[in-house]
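Report on the structure given below.
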Amino acid sequence: MIRKTAAELADLIRTREVSAVEVAQAHLDRIAEVDPAVHAFLHVDTERALNAAKAVDEDVAAGRELASPLAGVPIAVKDVLTMQGATTTCGSRILEGWHPPYDATVVRKLLAAGMVILGKTNMDEFAMGSSTENSAYGVTRNPWDLDRIPGGSGGGSSAALAAFEAPLAIGTDTGGSIRQPGAVTGTVGVKPTYGTVSRYGLVAFSSSLDQAGPCARTVLDAALLHEVIAGHDPMDSTSIDAPVPPVVAAVREGQGGDLTGVRVGIVTELGGDGYQDGVLAAFHGAVEQLRALGAEIVEVSCPSFDLALPAYYLIAPSEASSNLARFDAMRYGLRTGDDSTRSAEDVMSLTREAGFGAEVKRRIMLGTYALSAGYYDAYYGSAQKVRTLITRDFAAAFDKVDVLISPTTPTTAFRIGERVDDPMAMYRADLCTIPANMAGNAALSVPCGLADGLPVGLQIMSPALQDHRGYRVAAAYEAARDAAQGGALIHRVPELEVAH
Amino acid sequence: MPSISRDEVAHLARLARLAVTDAELDLFAGQLDQIVGAVAAVGSVADQDIPPTSHAVPLTNVFRADQVRPGLTQAQALAAAPAAEDGRFRVPRILGEEA
C-alpha cells in the first residue's frame with residue numbers, strides 16, 4: 001500500500017476498497033520501521049493522523065461528498081510551517097518546544113481538504129542549507145544511500161517520499177529547497193510562481209524569495225497537491241489575486257505523450273564545466289526523450305544567470321538578517337542567561353548565540369555586512385540590479401520558448417559531512433535553481449535517471465503564472481521515461497533495513 | 001578583493017546581537033572573507049544604469065477594509081513567553097544602571 005501514488009490511494013479510499021485509517025496506519029507503521037535510519041521526521045502525531053483519517057472514512061460511509069480529490073491521503077509537512085497542536089521548530093534550538101498559536105494557510109488548506117497530516121519533517125535550520133545537515137536535531141539520510149545527504153533545506157520532506165513514509169509532502173523553496181532535494185532523492189519537487197501559495201504561517205527566511213510548494217513521487221500527485229494549497233490569501237500581502245493555473249488538466253494533457261509544437265529551451269549557462277558527467281548524460285538523455293515526444297529543442301543564453309548565485313547570497317542573507325531579528329528572547333522561544341543582573345540586550349545576544357547554529361549566524365552576519373553603510377551600494381544594491389537582469393533574461397527567453405530546462409543540480413547527492421566546512425561548495429548545490437527564485441517564476445524538478453546509482457533531476461522552468469506549462473512537459477516526459485525504463489524510477493530505490 | 005578582519009566580524013556580531021566566541025570569530029572571519037570575495041562578482045554591474053528589483057511581484061499598497069477581526073487572546077499571546085507577569089511579557093532590564 002505504501003508504494004501507491006497519492007492519486008491511487010485517494011481512489012481506493014473513495015471507492016471503499018481501503019479505509020483512510022488503514023492507509024494512515026500503513027504509513028505510520030512504515031515510519032516506525034524506517035525512520036530510525038532515515039530521520040525524515042521531527043514529530044509524528046499518530047493520534048491526530050488516525051482521527052483525521054477516521055473523519056474521512058465516516059464521510060465515505062455516509063456517502064458525503066469528499067472535501068477534495070486528495071481526501072484521506074497522508075502528507076508530511078516541513079517544520080517551517082506553523083501548525084497548532086504540535087511544535088514548530090524550523091530545525092532550530094531557538095524554537096525548541098514552541099507551540100505556535102495559529103495554523104499556516106497551507107496547513108489550514110490541507111486540513112480543509114481532508115488530508116491526513118502525519119507529522120513535521122526535518123530541515124536545515126530556518127531553511128538555510130542544501131543538505132539538512134544544518135538541522136539542530138540531527139541529519140536526515142538519503143534513502144538511496146544512507147551515507148549521503150537528502151538535499152536541503154527540505155531534506156526531510158523528500159526523504160520521507162523516497163522512503164515511502166508518506167506519498168506527499170510540503171516543502172518551501174527560497175533558492176532550491178524543494179527542487180534540489182527532489183532531484184537528489186528521485187522525487188518530484190515544484191516551486192510554484194511566487195505569490196501563488198500563501199506565505200502566512202511560513203516562518204520567514206527571505207520574504208521576497210520564499211515559496212511553499214508540493215513534493216511528490218509523481219507529477220500528477222504534485223499537481224493534485226498544488227491545486228489544494230494554491231490560491232489568493234488576504235493574510236499574505238504578497239499573495240497574487242489570480243486564478244490557480246490549471247496544473248492537473250495540464251498533467252492529463254501531458255500524459256497523452258504529445259509535445260508537438262512545444263518549444264523547449266536549454267539554458268546555455270546551466271551546464272558544462274563543473275557539472276558531473278553522469279548528471280549531464282542523464283540530462284541529455286531527457287532532452288532526446290523530449291525531442292522524440294515532438295518538442296522543438298533550442299539553446300537559449302541567459303548571460304546574467306552567471307551572477308545569480310552571488311546575488312542570491314547577498315539578497316537572501318540580507319533579508320534573513322532582518323527577518324531573524326524577531327528571535328529576541330522576549331516574547332517566545334529560547335531565553336538564556338537571564339540571571340536578573342544582565343540587560344535585555346545581553347540576554348538577547350547570549351540567547352541568539354546559544355539558539356542559532358553556525359550557518360544561520362554566518363548568514364545573519366553576511367546580511368548585516370551587505371546592508372551596512374558604505375557597502376550597501378556595492379553589494380545589496382548591485383545584487384538588486386542583477387535581479388533585474390535575471391528577470392529580463394527570463395522574459396527574453398520566454399519570448400522564444402515555452403519552457404526552459406537544465407539539470408536541477410550540478411551533482412548527485414554528496415556524502416554527509418563532505419561540504420560542511422566549505423560554505424561556498426555547499427552554496428553551489430543551488431546553482432541551477434536560484435534564477436527562478438530571483439525572478440519569481442515557476443520551476444519544478446522531475447527525476448530523469450540515475451548517475452552511478454544516484455538520482456538526477458531535470459529542471460523545467462515556466463513563466464510566472466504559467467506553472468501548467470512545466471507540468472505538461474514534465475508529465476509527458478515522466479510517462480515516456482517510465483515506458484522506456486520499464487517502470488517508475490523511484491521503485492529502484494534500495495530496500496531499507498527495517499527496525500523491529 | 002575585499003577582506004573581512006576579525007575585528008570587523010566582532011563588530012558585525014555585536015550589531016546582530018550574537019555573543020560569538022573567540023573560536024567562532026576566527027572561523028567566521030575566514031569563511032565570511034571567502035564568501036564576500038565570491039559574491040563581490042555582482043560589483044560588475046554596480047556602475048550600470050539598471051533599476052533595482054526588490055521583489056518579484058510588483059505589488060504596492062495592498063489595502064484591506066478596516067474591519068475588526070479576531071486576533072490572539074492575551075493568554076494565547078503570552079503562552080509561549082519565556083517569562084510573563086500580570087498579563088504582560090516580563091523582560092530583563094532595558095536601561096543601563098546610570099539611566
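Atoms considered below: every heavy atom in the structure, side chains included; atoms not considered: hydrogens, waters and symmetry mates. Throughout, a chain's letter reflects where its sequence line sits, starting with A, and its residues are numbered from 1.
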Listed by residue number, which members of residues 60-68 of chain B have a heavy atom under 4.5 Å from any heavy atom of chain A?
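Residues B/V62 are the ones that qualify, each having a heavy atom under 4.5 Å from chain A.
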Measure the spacing between [atom1] of [X] and [atom2] of [Y] and express it to the nearest 0.5 Å.
X      : Y      : atom1 : atom2 : answer
B/T21  : A/E353 : OG1   : CD    : 6.0 Å
B/L15  : A/S372 : CG    : OG    : 6.5 Å
A/K361 : B/L27  : NZ    : CG    : 10.0 Å
A/M348 : B/I94  : CE    : CD1   : 10.0 Å

Can you run down the salt bridge (Lys or Arg N to Asp or Glu O under 4.0 Å) pairs that involve residues 368-396 of chain A, sequence neighbours left out, and say none if there aren't any?
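Not a single pair qualifies under salt bridge (Lys or Arg N to Asp or Glu O under 4.0 Å).
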Give every residue pair that meets the salt bridge (Lys or Arg N to Asp or Glu O under 4.0 Å) criterion with at least one member in residues 336-351 of chain A, sequence neighbours excluded.
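Listed once each, the pairs are A/R335-A/D338, A/D339-A/R342, A/E345-B/R17.
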Region of [X] in contact with chain B, defined by heavy-atom distances below 4.5 Å:
X      : value
A/Y427 : side chain
A/A378 : backbone
A/D421 : backbone
A/F356 : side chain
A/L366 : both
A/Y375 : side chain

Looking at [X] and [Y], what are the two nearest heavy atoms and their distance?
X      : Y      : result
A/M330 : B/F89  : O-CD2, 3.7 Å
A/S382 : B/V42  : CB-O, 3.4 Å
B/P82  : A/Y332 : CD-N, 3.8 Å

Contact class of [X] relative to chain A, heavy atoms under 4.5 angstrom:
X     : answer
B/A79 : neither
B/I35 : both
B/R88 : neither
B/R90 : backbone
B/L18 : both

Max heavy-atom pair count under 4.5 Å with chain B, selected residue of [options]:
options                       : answer
A/H99, A/E319, A/M424         : A/M424
A/M438, A/Q384, A/R362        : A/Q384
A/A311, A/P423, A/S321, A/G97 : A/P423

Taking every heavy-atom pair that is under 4.5 Å apart, which of B/L72, B/L78, B/V20, B/V9 has the most such pairs with chain A?
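Heavy-atom pair counts peak at B/V20.
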Got a list of side-chain donor-acceptor pairs under 3.5 Å for residues 49-57 of chain B, not counting sequence neighbours?
{"unit_1": "B/T53", "atom_1": "OG1", "unit_2": "A/T388", "atom_2": "OG1", "d": "2.6"}
{"unit_1": "B/H55", "atom_1": "ND1", "unit_2": "B/V57", "atom_2": "N", "d": "3.4"}
{"unit_1": "B/H55", "atom_1": "ND1", "unit_2": "B/V57", "atom_2": "O", "d": "3.4"}
{"unit_1": "B/H55", "atom_1": "NE2", "unit_2": "A/Y194", "atom_2": "OH", "d": "3.2"}

